[in-house]
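Structure record follows, encoded as structure tokens.
All residue numbers refer to positions in the sequence shown, counting from 1. The analysis underlying the following values was restricted to heavy atoms, covering all of them including side chains, and did not include hydrogens, waters or symmetry mates.
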Amino acid sequence: MDGRRVECLLCPHHCRIADGQRGRCRSRRNQGGTLVSEAYGLPCALAIDPVEKKPLYHFHPGTTCLSMACTGCNFRCLNCQNHDISQAAPDETDHYRLTPEQLVALCLEKDCPGIAYTYTEPLTYIEYVADTARLAHEQGLWNILVTAGYVCPEPLADLLPLIDAANIDLKSFSDDIYQRVSGGHLQVVLDTILAMRDAGVWIELTNLVIPGINDDMQMIRRMCQWMADNGLHDTPLHFTRFFPRYRMQDVPPTPRRTLLQARQVALEEGISHVYLGNV
């Protein structure tokens with residue numbers, strides 16, 4: 001663009017970035033008129049997790065995955081539980097240096113059947129995810145995406161053939177709440193879920209229920225009706241309990257009865273598999 005600015009086309013924010021500056025996700029920088037993913041090859045977190053922790057309850061339960069994350073997220077969730085790495089730039093955290101080849105080799109060495117791109121927002125470092133996922137498939141490994149789903153259709157379409165399963169964080173069924181709490185729009189996430197469905201990716205959805213924010217049962221009912229109307233009635237749905245985090249320290253934990261009410265609403269709307277998390 002003019003003045004050596006660049007426009008990032010990865011997510012709907014379409015950040016217009018001046019030379020030397022980063023976009024909203026803090027990991028994509030304009031270097032002399034070229035957009036660079038600074039998080040590439042620099043995971044800030046590595047762990048071996050049960051697949052159920054993603055949470056994925058119906059995708060090879062009982063197995064493990066090599067979980068990895070790089071810094072960055074294109075949301076600004078007030079309740080973020082990983083804000084120390086999601087709301088940070090690559091040069092603001094400790095990190096490993098691992099090429100995609102080395103990451104896949106580590107997964108094989110640890111005898112994990114798959115890699116999970118998780119903890120932060122893996123779509124903000126999509127190039128690293130794609131290169132690693134391609135090599136992982138060549139070695140017979142699964143690729144798991146844990147994401148808020150805020151991405152443009154074109155880059156998502158390029159990635160989906162490499163993804164076997166995904167847990168999408170459906171934060172609420174209100175565009176107003178999405179804007180106020182996370183800084184995004186609901187419809188983009190719904191479109192991502194349907195694109196994953198159409199691509200044959202195994203999907204599970206998570207809804208963190210926050211008191212006074214998104215715990216309205218009529219809104220939860222509309223969310224479940226949307227799932228059923230779009231052929232997702234057999235998609236596992238995880239209602240998870242909120243605890244005070246980050247910039248929501250004054251909000252109390254979710255009462256268990258609220259989660260039980262949400263589960264009952266989902267079952268009434270024909271959702272077959274409903275789970276409660278963080279309890």
Side-chain angles (χ1 to χ4, degrees), residues 12 52-58 73-84 86-87 118-121 145-150 166-194 196-197 203-279:
E52 289 85 355
K53 188 180 176 182
K54 297 304 99 189
L56 290 172
Y57 281 12
H58 290 230
C73 184
N74 52 357
F75 272 171
R76 292 286 185 270
C77 297
L78 301 178
N79 58 293
C80 183
Q81 64 178 357
N82 289 326
H83 59 89
D84 54 330
S86 70
Q87 305 300 310
T118 179
Y119 302 144
T120 57
E121 179 46 73
L145 198 66
V146 182
T147 176
Y150 206 67
N167 185 290
I168 304 101
D169 189 5
L170 183 52
K171 297 179 182 295
S172 76
F173 211 69
S174 161
D175 192 69
D176 177 66
I177 293 173
Y178 255 93
Q179 292 184 62
R180 288 191 290 111
V181 176
S182 302
H185 293 281
L186 169 63
Q187 190 59 52
V188 175
V189 181
L190 300 182
D191 291 344
T192 294
I193 293 170
L194 297 182
M196 289 185 174
R197 177 204 64 185
I203 300 170
E204 301 195 20
L205 302 180
T206 294
N207 179 234
L208 177 71
V209 183
I210 307 174
I213 302 294
N214 65 344
D215 58 347
D216 175 73
M217 290 301 142
Q218 290 307 309
M219 183 173 64
I220 289 174
R221 187 175 298 278
R222 291 195 301 273
M223 179 181 73
C224 296
Q225 289 170 345
W226 178 86
M227 289 178 62
D229 290 345
N230 286 277
L232 300 173
H233 51 278
D234 285 334
T235 297
L237 174 59
H238 304 259
F239 289 113
T240 55
R241 191 182 188 197
F242 166 86
F243 288 95
R245 291 289 187 274
Y246 195 32
R247 295 176 178 171
M248 279 193 176
Q249 298 288 340
D250 56 340
V251 179
T254 315
R256 292 179 181 231
R257 65 179 178 276
T258 302
L259 295 178
L260 291 170
Q261 289 173 346
R263 182 176 188 272
Q264 183 59 39
V265 166
L267 293 173
E268 290 172 2
E269 295 302 330
I271 307 303
S272 302
H273 310 288
V274 188
Y275 302 100
L276 305 185
N278 292 349
V279 293

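- The minimum heavy-atom distance linking S272 with L267 is given by the pair O-CD2, 4.5 Å.
- Not a single donor-acceptor pair under 3.5 Å links the side chain of N230 to the backbone N or O of L232.
- Here E269 pairs with R221 under the salt bridge (Lys or Arg N to Asp or Glu O under 4.0 Å) rule; sequence neighbours left out.
- For the residue pair H58 and Y275, the shortest heavy atom distance occurs at NE2-OH, 2.6 Å.
- Pairing each heavy atom of A148 with each of E121, the nearest pair is N-OE1, 2.8 Å.
- Across all non-hydrogen atoms, the minimal contact from I213 to M219 is O-CE, 4.4 Å.
- Pairs of residues two or more places apart, or lying in two chains, that qualify as side chain to side chain donor-acceptor pair (under 3.5 Å) and include a residue from residues 169-192 are D169-K171, D175-Q179, D175-H185, D176-R180, Q187-D191.
- For the pair N167 (side chain) and V146 (backbone), a donor-acceptor distance under 3.5 Å is absent.
- Using a 4.5 Å heavy-atom cutoff, the side chains of L145 and M196 are in contact.
- In this view, F75 and Y150 satisfy the ring-ring contact (aromatic ring centres under 6.0 Å, His included) rule, not counting sequence neighbours.
- In plain terms, the two heavy atoms of R197 and I203 that are nearest each other are N-CD1, 3.3 Å.
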Using distance only, find each side-chain donor-acceptor pair of residues 251-263 under 3.5 Å and give its atom names and separation, not counting sequence neighbours.
residue, atom, partner, partner atom, Å
T254, OG1, V209, O, 2.5
T254, OG1, F242, N, 2.9
R256, NH2, V279, O, 3.3
R263, NE, V274, O, 3.2

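- Side chain of N82 to main chain of Y119: a donor-acceptor pair is present (N/O by atom type, distance under 3.5 Å, no hydrogens or angles).
- Rounding to the nearest 0.5 Å gives a distance of 8.5 Å between CE of M248 and SG of C77.
- Looking at Q81 and L208, their side chains never come closer than 4.5 Å, going by heavy atoms from C-beta outward.
- Every side-chain contact (heavy atoms from CB on, under 4.5 Å) that R76 has, sequence neighbours left out, goes to R24, R26, Q87.
- Contact of the L186 side chain with the L170 side chain is registered, since non-hydrogen atoms from C-beta on lie closer than 4.5 Å.
- For the residue pair L237 and C224, the shortest heavy atom distance occurs at CD2-SG, 4.0 Å.
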### Query
Passes side chain to side chain contact (heavy atoms under 4.5 Å, CB included), W226 versus I193? Steps please.
CA-CA 11 Å; W226 178 86; I193 293 170; 4.0 Å; yes
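- Atom-to-atom distance recorded for M227:CE and R222:CZ is 15.5 Å, nearest 0.5 angstrom.
- Applying the side chain to side chain donor-acceptor pair (under 3.5 Å) test to residues at least two apart or on different chains, the pairs with a partner in residues 236-250 are E204-H238.
- To the nearest 0.5 Å, atom CZ of residue F243 and atom CD1 of residue I210 are 12.5 Å apart.
- Rounding to the nearest 0.5 angstrom, the gap separating the CG atom in L205 from the NE2 atom in H273 is 12.5 Å.
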